[in-house]
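A short worksheet on the structure shown next.
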Amino acid sequence: MPKPLDKFNNPYNPKEIEDKIYRLWEESGYFNPDKLPISSAKGGSASGGKNYKLKSKNFCVIMPPPNANGALHFGHALFVALEDLMIRYQRMRGKKTLWLPGADHAGFETQTVFDKKLEKEGRNRFQIPRDELYREILEFTLSNKKTMESQLRKLGASCDWSRKKFTLDEDIISKTQDTFIQMYKDGLVYRGKRLVNWCVKHQTGLSDLEVKHEEKTTPLYYIKYGPIILATVRLETKFGDTAIAVHPKDKKYKNFIGKEIEIDTLIGKTKIKVIADEAVDPDFGTGAVKITPAHDFNDFEIWQRHKNEIPHPIEVIDKFGKLNLLEHFSENEEAKKYHGLKILEARKIIAEEMEKRGLLIKIDHNYKHNAALCYKCSNNLEPRLMSQWFVKTGPLAKPAIEVVKNGKIKIIPEKFKKVYFHWMKNIRDWNISRQIIWGIQIPAWFCECGGIIVQKEKPKKCVKCSGNKIEQDPDVFDTWFSSGQWPYLALDYPNSKDYKNFYPTDVMETGWDILFFWVARMIMLGIYRVGKIPFKMVYLHGLVRDKDRQKMSKSKGNVVDPLGVAEIYGADAVRMALIMDSTPGNDPIISEDKIRGYRNFATKIWNISRFVLMNYDQKFEKIKPQFTKEDKKNLKDLITIHKKITKDIEGLKFHIAAHSIYHYIWHTFADKILENSKPRLRSENIIERAAAFKVNLEIFSAALKLLHPFMPFITEEIWQNLPILRRDSGQVKNKKMLMIEKW
RNA sequence: GGGCGUUUAGCUCAGUGGUAGAGCGUUUCAUUGACAUUGAAAAGGUCGGAGGUCCAAUUCCUCCAACGCCCACCA
């Protein structure tokens, strides 16, 4: 009986072996494509064994860099399971395989996490000097990053740590800024005073994607503006009204169009013009609408169409969401009454005052409309006029639509193609300025004369006025502006070997929830900056839910820590549970019961090892086995299952492949083949015994290989402990690993 | 207001143009025999509803219903 059997007399304990196995892999260097053993023309190589042949083909996946502001959650575990599966499979196929790990500083996301931390400490980011705050967040982020890296190791990610990247690495910062500068030169970014979704709590503007809409019931006020009655929910913006708009064909107001009417503004009397615009719905309210271009997206657009007729926008709400009337009406005693009021307070007081003056006709309390909220804090967003940097997306979107349409980039599942096209076709310019400090500062310089210089270094003097009172734009890029360039930045574009070898990458595997935020931007920016698509295929996985179908979130308190359950049941069990349950685009549901089931599977495999091995006899070595008809059929079936699993993995049907190997090992191999071999294994006839053993061993060996991409730890551990599986012309090559066995 | 998706066994979900599958759960049986984190077996579904195409539909088409999601500047 071979020695390693002792090992299998103890129950399988993932905790004991996983770290050890990971170290073995990592130290082998095989995560690094450059260190994969190269086969000589014929025969074996020194370290790789004769079966492994590195083919010239490359295979590359860039890891979606996790936000380094906390621990890994199940979403991360899912991408590890899927990407590691692809990577391990391709590596075993003999491809030069690179899985490039990274981490994202995650600008606004991390800023909000850090804000909460500060809040607990009784501090506030607005009181901390920029440099100091940046240093603190950097420290916080790097420490999280370190934790995540060790967690990725625990999950078994076979990524090349020698190539890891962080979105705030110097070269990444520099190249991200280069892209901005180039886009500025090409007229693809512009600075514009535009309405921006402003979060009063977070004190920053957001992009359209960061706005969440929610239906709310809000009082709709019918008020008198001179002879016209109109409906509005936003009484408090009335001080910023610059016009009244009606539909050009609305007969009710035909005689008013183009005329000025006198209104009582509560802080005096003024005249505003009635204009006609198609955007006004004559059937809503009274068909007349007040125009406040500084605080409403519609009104802003109407103003742009009527610039010559009506005054410039008047801003009456400040960045804290309070009325700042004294900026415009400083001489006005009445304005003091409203100045400094928060929006809702102001609304109430104005309503009372208007009622007093007989200007409030009625209030509709059942009016429902979609409110724009901050996706992080759910507070109402306040549209504010601000100078921000915008990416002109139209020219970028066109080729990005084309490459998906013509199949150069495949999206899986296909249903997301439609979603992608719809978004791309209706794309709006992208606000990339964020009023936070955590991120890559925008390489733009403002002179007090109003001149703008776009470059990295501080200009000595202003190109416009030759003055030297120049300050850098305090804003940072939207984090997606840097992560949107990730594929080529992570591969050290433009001069590296990696860029030449691995760009475009083979698969971009990520969650469907960031199709617009990330995938779409990578496609646009990749084509723009590099002239080539960033990846050939997009594989979108679902969002991990708990057993009540709820999205896991900290605020709901239903977050299951993948590392915690991996600690108990093993990383293999966690991975298998995720893959078995994950069809592309559908949300997998994870529960401890499920994971426990796959831990049982691991135990089963462990016991199979023991059983196969305990029937070994040294004397078999000299015996030529005689396979029965049954044996031959089993070996033939093995080839069939191998082919099927291969086909399913190639077709990205990982869950089907996982089911196949699971079912085969447990219910075909263990329950049938092994059970049926028992009589022969106990036979007096050594030839019969040898044959039965040989068949079992051969099938088991093949099954371990097939299972390895799904459950890498236990398969490798068994492989390492069964030298009989690793024989090479009778000699055991101890260094050989299952990880680089031939598929 | 547009668009998308889901509806299959008690639960969670796969799958397929040719008399329905898995895991978990349930029931019965088996135990000094590799493994109770086990094995053998069983019960359980008119594949949301109504039409249509087809020799044949759970699978393709149309409509309906329920649920869910995404996008969207109607005050």
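Excluded from the calculations below are hydrogen atoms, water molecules and symmetry mates; all remaining heavy atoms, backbone and side chain alike, are included. Because the structure is a prediction, the values reported are computed rather than measured. Per chain, numbering begins at 1; letters A, B, ... match sequence-line order.
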Take the protein atom CD of A:Glu214 and the nucleotide atom P of B:C69, then report the distance between them rounded to whole Å. 12 Å
P gap between B:G18 and B:A30, integer Å: 41 Å
Pick base, sugar-phosphate or nothing for A:Tyr367, based on heavy-atom distances below 4.0 Å to the nucleic acid. sugar-phosphate
Find out whether the Lys NZ or Arg CZ of A:Lys425 is both under 6.0 angstrom from the six-membered ring centre of A:Trp423 and within 45° of the ring's axis. no
Provide, to the nearest angstrom, the distance between the NZ atom belonging to A:Lys212 and the P atom belonging to B:C69. 13 Å
Considering every strand and a 4.0 Å limit on heavy-atom distances, what is the contact class for A:Val612: base, sugar-phosphate, or nothing? nothing
With rounding to the closest Å, how many angstrom separate the P atoms on B:G1 and B:U62? 22 Å
When A:Met580 and A:Arg428 are each assigned the nearest nucleotide of RNA chain B, the 5'-most assignment goes to A:Met580
Value in whole Å for how far the P atom of B:C70 lies from CG of A:Asp208: 16 Å
Under 3.5 Å, sequence neighbours excluded: what are the donor-acceptor pairs made by side chains of residues 220-235 of chain A?
unit_1	atom_1	unit_2	atom_2	d
A:Tyr225	OH	A:Asp241	OD2	2.4
A:Thr232	OG1	A:Arg234	N	3.0
A:Arg234	NE	A:Glu236	OE2	2.9
A:Arg234	NH1	A:Glu382	OE2	3.1
A:Arg234	NH2	A:Glu236	OE2	2.9
A:Arg234	NH2	A:Glu382	OE1	3.2
A:Arg234	NH2	A:Glu382	OE2	3.0

Quick one, A:Thr242 and A:Thr292 - any side-chain contact, counting heavy atoms below 4.5 Å? no
Whichever of A:Lys672 and A:His369 has the more 5' nearest nucleotide on RNA chain B, that residue is A:Lys672
Side-chain touch A:Phe669/A:Leu674, heavy atoms, less than 4.5 angstrom: yes
Scan A:Thr292 against the nucleic acid and name what it touches under 4.0 Å (heavy atoms): base, sugar-phosphate only, or nothing. nothing
Of the listed nucleotides B:C74, B:G5, B:C13, the one nearest the side chain of A:Asp581: B:C13
Regarding A:His306 and A:Asp277, is there a side-chain donor-to-acceptor distance under 3.5 Å anywhere? yes
Any base atoms under 4.0 Å from A:Phe416, or only sugar-phosphate, or nothing? Heavy atoms, all strands. nothing
Think A:His667 has a side-chain N or O under 4.0 angstrom from the OP1 or OP2 of B:G23? yes
Whole-Å P distance, B:A20 and B:G3: 37 Å
Each nucleotide in nucleotides 24-38 of chain B should get exactly one letter: B, S or -. Can you fill that in based on protein heavy atoms under 4.0 Å? ---------SBB-BS
Qualifying residue, where the test is ring pair (Phe, Tyr, Trp, His ring centres under 6.0 Å) with A:Tyr598 and the options are A:Tyr662, A:Trp666, A:Phe710: A:Tyr662
Separation of A:Trp512 atom CH2 from B:C71 atom C1', in whole Å? 12 Å
Quantified in whole Å, what is the P atom distance between nucleotide B:U31 and nucleotide B:A36? 14 Å
In this structure, how many angstroms lie between the C1' atom of B:G3 and the NZ atom of A:Lys417, rounded? 17 Å
Nearest-Å distance for atom pair CG/C1', residues A:Asn586 and B:G15: 13 Å
Give me the distance, rounded to whole Å, that separates B:A66 from B:U26 when you measure between the P atoms they each carry. 36 Å
When rounded to whole Å, the CZ to P distance for the pair A:Phe654 and B:A14 reads 16 Å
Please enumerate all residues that pass salt bridge (Lys or Arg N to Asp or Glu O under 4.0 Å) together with A:Lys238, with sequence neighbours excluded. none
Interatomic distance at P, B:G52 relative to B:C11, whole Å: 31 Å
Considering residues at least two apart in sequence or located in another chain, which fulfil the side chain to side chain contact (heavy atoms under 4.5 Å, CB included) criterion with A:Val419? A:Phe416, A:Leu515, A:Phe516
Runs of at least three consecutive Watson-Crick or G-U pairs, both distances under 3.5 Å, are what I'm after; which ones involve RNA chain B? B:1-7 with B:65-71, B:10-13 with B:21-24, B:26-30 with B:38-42, B:48-52 with B:60-64
Span that lies between the P atom of B:U12 and that of B:C55, in whole angstrom: 39 Å
Tell me the interatomic distance from A:Tyr598, atom OH, to B:C13, atom P, rounded to whole angstroms. 13 Å
I'd like to check the side-chain hydrogen bond (donor to acceptor under 3.5 Å, both in side chains) partners of A:His667; sequence neighbours left out, ordered by chain and number. A:Asp671
Tell me yes or no: between the side chains of A:Glu210 and A:Ser207, is some donor less than 3.5 Å from an acceptor? yes
A:His655 side-chain N/O to B:G15 phosphate OP1/OP2 under 4.0 Å: yes
Honestly, is A:Lys678 close enough over A:Phe611, meaning NZ or CZ under 6.0 Å from the six-membered ring centre and within 45° of the axis? yes
Write down the distance separating the C1' atoms in B:C54 and B:A14, rounded off to the nearest Å. 27 Å
